[in-house]
Amino acid sequence: MKLALLSTLAAVAIANAHFTMQYIWVNGADQGHNVDIRVPPSNNPVTDVTSTDLTCNVNGLSGAGVSTVSIPAGSNITFEWHQHDQRTGEDAISAGHKGPVQVYIAKAPSTAASFNGQGTVWTKIYSSGLINAQSQEWATDVVNANNGKHSVVIPSSLPAGEYLLRAEIIALHVAMSYPGAQFYVGCAQVKITGGGSANPPKIALPGAYKPTDPGITINIYNNLQSYTAPGGPVWSG
């Protein structure tokens with residue numbers, strides 16, 4: 001009984017340690033707090049993979065009033081996450097939030113600010129999950145060790161134009177049943193200059209993720225030896 005109570009209290013503490021994407025960096029230059037980002041109303045996660053909140057978080061279907069940063073094709077983009085507002089000195093994300101880190105990109109038909117990200121428009125350009133099965137090191141551990149940061153190189157073959165960049169951290173600490181996995185999503189608005197003429201493979205978000213996906217409903221505390229993230233393979237460009 002006592003052990004069960006302690007486990008419940010620990011789960012509540014971990015569940016309350018939510019976080020959001022608060023900064024993007026372009027080729028090493030910090031763009032500022034919540035600049036070029038569709039900011040959600042709270043740091044709560046999305047748990048329903050069929051909800052349009054999965055696209056760009058709550059209230060994320062419009063970028064009205066959000067600036068769009070210009071980036072050269074092939075840029076290195078860094079995303080920075082924190083539990084609370086700005087850089088408080090605590091762990092960027094709770095150490096109990098274990099799971100994969102992924103990045104997607106979607107080309108807007110016109111402006112990024114007016115793009116709702118619906119339909120089969122998203123291309124996965126980065127994914128990191130269970131890094132070391134022996135030590136149970138996850139991509140989230142690396143993000144924490146790097147003060148909330150992870151980076152991706154934008155494929156230089158993508159055509160010029162305006163895009164949504166979608167960073168995603170999936171916390172799997174209570175993912176033994178559905179809904180349980182916690183999806184932390186941040187979308188930035190970018191305008192790629194230069195570029196090429198690639199037409200990469202695409203998925204829909206929501207649409208591609210299913211409650212039964214082995215990367216969504218999973219027990220990560222059962223000597224896990226491998227992990228397959230949802231959303232299919234990474235496109236290298």
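What you are looking at is a predicted structure, and each value in this text was computed from that prediction instead of being measured.
Between the Thr123 side chain and the Pro201 main chain, a donor and an acceptor come within less than 3.5 Å of each other. A donor-acceptor distance shorter than 3.5 angstrom exists from the side chain of Asn132 to the backbone of Gln134, with no hydrogens or angles considered. Counting only distance, with no hydrogens or angles, the side chain of Lys98 and the backbone of Ile220 share no donor-acceptor pair below 3.5 Å. Looking at Gln136, its side chain does come within 3.5 Å of a backbone N or O of Leu224 through a donor-acceptor pair. With hydrogens and angles disregarded, no donor-acceptor distance shorter than 3.5 Å links the side chain of Arg38 to the backbone of Asn57. Listed for the Ser157 side chain is no donor-acceptor partner under 3.5 Å among the backbone atoms of Ala198. Under the 3.5 Å distance criterion, the side-chain polar atoms of Asn219 are matched with a main-chain donor or acceptor of Tyr221. Checked by atom type and distance alone, the side chain of Thr120 never pairs as donor or acceptor with a backbone atom of Ile203 at under 3.5 Å. Lys202 places a side-chain N or O within donor-acceptor distance of the main-chain N or O of Pro200, the cut-off being under 3.5 Å. The backbone N or O of Gln102 sits nowhere less than 3.5 Å from a side-chain atom of Ser127 that would complete a donor-acceptor pair.
Defined by atom type and a distance below 3.5 Å, a donor-acceptor pair is missing between the side-chain atoms of Thr55 and Thr52. Residues His82 and Gln22 have side chains that never bring a donor and an acceptor to within less than 3.5 angstrom of each other. With hydrogens and angles left out, the side-chain atoms of Gln83 and Ser94 include no donor and acceptor closer than 3.5 Å. For the residue pair Glu90/Thr88, the side-chain donor-acceptor check at 3.5 Å is satisfied. For the 3.5 Å distance criterion, the side chains of Ser67 and Asp36 qualify, holding a donor opposite an acceptor.
For the pair Thr20/Pro40, a side-chain contact is recorded, criterion being any heavy-atom separation below 4.5 Å from C-beta on. You'll find the side chain of Lys191 stays beyond 4.5 Å of the side chain of Ile71, heavy atoms only. Two residues are said to be in side-chain contact when any heavy atoms from C-beta on lie closer than 4.5 Å; Pro179 and Asp48 fail this criterion. Considering only heavy atoms from C-beta on, Glu162 stays 4.5 Å or farther from Phe115 through its side chain. Looking at Met21 and Cys187, their side chains never come closer than 4.5 Å, going by heavy atoms from C-beta outward. Residues Trp122 and Ile105 have side chains not in contact (no heavy-atom distance under 4.5 Å, counting atoms from C-beta outward). Between Val185 and Arg166 there is a side-chain heavy-atom pair separated by less than 4.5 Å.
In this structure, the ring of Phe19 has its center less than 6.0 angstrom from the ring center of Tyr184.
More than 12 heavy atoms of other residues, nucleotides or ligands sit less than 6.0 Å from atom NZ of Lys149.
Under a hydrophobic-cluster definition in which Ile, Leu, Val, Met, Phe, Trp and Tyr are linked whenever side-chain heavy atoms come within less than 4.5 Å, directly or via other members, Val152 and Val234 are assigned to different clusters.
Note that CD1 of Ile131 and CG of Asp141 are 7.0 Å apart. Values are rounded to the nearest 0.5 Å.
Pairs passing the salt bridge (charged side-chain N to carboxylate O under 4.0 Å, His left out) check and including a residue from residues 55-84, sequence neighbours excluded, read Glu80-Arg87.
Not counting sequence neighbours, the partners of Tyr227 by the ring pair (Phe, Tyr, Trp, His ring centres under 6.0 Å) test are Trp138.
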